[in-house]
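One structure is given below, encoded as structure tokens.
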Amino acid sequence: AAVSLLYVEGNLHRALTRGDGKKGIDVTHLVKYLVPNRITVGLSKSLLQITGEIVAPKSIKNSRNYAAGALNLKDVEEFQTRQLHFIAYQVEPFLHDTFTNSMAVLKNSLGFNTVLDSDWNEYPQDGYVFRVDSNKDFENFGYTSHHPKGAYALKRRQKGVKTTLVDVIWNVGKSGVVAPVAILKPVEIDDAIISRATLHNIAFINDLNLEIGCEVEVIRSGEIIPRIVRRVD
């Protein structure tokens, strides 16, 4: 689960989930048990935002859901029993002229684990992120509406599982957008039973030539979201 930490005058002020991309959920009352509540470096910057992932070991069944679900817990004591860690991958404003050195400050001076400290193979992963090391160049590349141009993800192609497309229903999302959802013959993927998958829009359905009753290949995108990748003839 991606979480951003806001420090004001060195004190942890707020921890927010990504949410819908515009508004996240305040999880400060939980996350404060995973991260430093007070930092002493960068105090010349009255505001400091540190972004990272809350992760759980892949030895735990459905570890991604285990980590994300922990942020919805009402019981703080139960949250503290969860096997969770926060690993930082961004800090703004930058603490140095390069990403590598900014992460070093986070680790050596502020006490955070960062993405550069280890390969973190004990946690579930689905690929790599490549980033321009110079923070000045990173900013100069600019941003799309979704992501920075100075970084990109390289993800492994997942092996899908075959099942049957039983039906298609249309759901109205929180934003009012109507989108199709595939009803599937239940199948197990990564220890989870999958019976639905996103279809995005009618163009996606037409591009894959999907029909009720056809066989399809399904993956869990990012090991979380069920997604049909092709029709199996």
Side-chain angles (χ1 to χ4, degrees), residues 1-4 16-25 27 51 53-74 82 84 89 121 123-130 143-149 151-233:
V3 170
S4 287
L16 295 175
T17 66
R18 179 183 290 134
D20 60 6
K22 294 183 180 180
K23 184 177 181 180
I25 299 172
V27 289
T51 307
E53 296 274 342
I54 289 180
V55 295
K58 59 186 177 184
S59 57
I60 297 174
K61 187 175 182 179
N62 290 326
S63 56
R64 289 177 182 264
N65 290 338
Y66 173 93
L71 296 177
N72 293 319
L73 290 173
K74 304 298 183 183
R82 293 283 180 109
L84 302 171
Y89 59 73
N121 281 332
Y123 303 112
Q125 303 175 30
D126 60 359
Y128 298 91
V129 173
F130 294 82
Y143 296 78
T144 70
S145 59
H146 299 288
H147 58 267
K149 295 181 180 179
Y152 69 91
L154 177 65
K155 297 194 175 185
R156 294 185 294 269
R157 185 181 296 275
Q158 298 169 267
K159 184 178 180 181
V161 176
K162 296 178 183 178
T163 188
T164 302
L165 177 61
V166 176
D167 197 3
V168 174
I169 62 175
W170 296 81
N171 279 350
V172 180
K174 293 180 180 179
S175 63
V177 175
V178 180
V181 176
I183 305 300
L184 306 169
K185 181 179 178 181
V187 62
E188 183 173 331
I189 305 177
D190 299 328
D191 299 322
I193 301 300
I194 304 301
S195 60
R196 293 183 171 219
T198 179
L199 290 174
H200 304 291
N201 50 51
I202 191 64
F204 181 84
I205 294 174
N206 291 336
D207 288 344
L208 294 186
N209 191 29
L210 299 180
E211 299 176 297
I212 303 300
C214 71
E215 296 293 301
V216 294
E217 182 178 345
V218 182
I219 64 171
R220 290 180 72 192
S221 184
E223 298 184 23
I224 297 177
I225 303 172
R227 178 172 178 265
I228 294 175
V229 293
R230 69 183 180 98
R231 174 173 175 167
V232 181
D233 294 321

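Side-chain atoms are counted along with the backbone in the values below, which use heavy atoms only and exclude waters and symmetry mates. In this chain, numbering begins with 1 at the start of the sequence shown.
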Under a 4.5 Å cut-off applied to non-hydrogen side-chain atoms, are I189 and I219 in contact? no

For residues P180 and I205, determine if any side-chain heavy atom of one lies less than 4.5 Å from a side-chain heavy atom of the other.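 Yes, at least one pair of side-chain atoms sits under 4.5 Å.
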
Measure the [atom1]-[atom2] distance between [X] and [Y] for me, rounded to the nearest 0.5 Å.
X    : Y    : atom1 : atom2 : answer
R227 : R220 : CZ    : CZ    : 15.0 Å
R64  : E53  : CZ    : CD    : 8.0 Å
L199 : L208 : CG    : CG    : 8.5 Å
K155 : Q125 : NZ    : CD    : 11.5 Å
D207 : I202 : CG    : CD1   : 10.0 Å
H147 : K149 : NE2   : NZ    : 8.5 Å

Ring pair (Phe, Tyr, Trp, His ring centres under 6.0 Å) partners of residues 181-214, not counting sequence neighbours, each pair once: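 Those involving residues 181-214 are H200-F204.
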
With a 3.5 Å distance limit and no angle check, can you tell me whether [X] reaches the backbone of [Y] through a side-chain donor-acceptor pair?
X   : Y   : answer
R18 : A2  : no
R82 : Y66 : yes
T17 : I25 : yes

Minimum heavy-atom separation for [X] to [Y], with atom names?
X    : Y    : answer
A56  : P124 : O-CD, 3.3 Å
T51  : S4   : OG1-OG, 3.1 Å
T164 : E215 : OG1-OE2, 2.6 Å
P186 : S195 : CG-CB, 4.2 Å
R196 : V181 : CB-CG1, 4.1 Å

For L184, all residues meeting side chain to side chain contact (heavy atoms under 4.5 Å, CB included), sequence neighbours excluded: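 With neighbours one apart ignored, the set is T163, L165, A182, I194, A197, V216, V218, I228.
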
Can you name the side chain to side chain contact (heavy atoms under 4.5 Å, CB included) partners of L154, sequence neighbours left out?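 Scan of L154 (side chain to side chain contact (heavy atoms under 4.5 Å, CB included), adjacent residues dropped) gives F130.
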
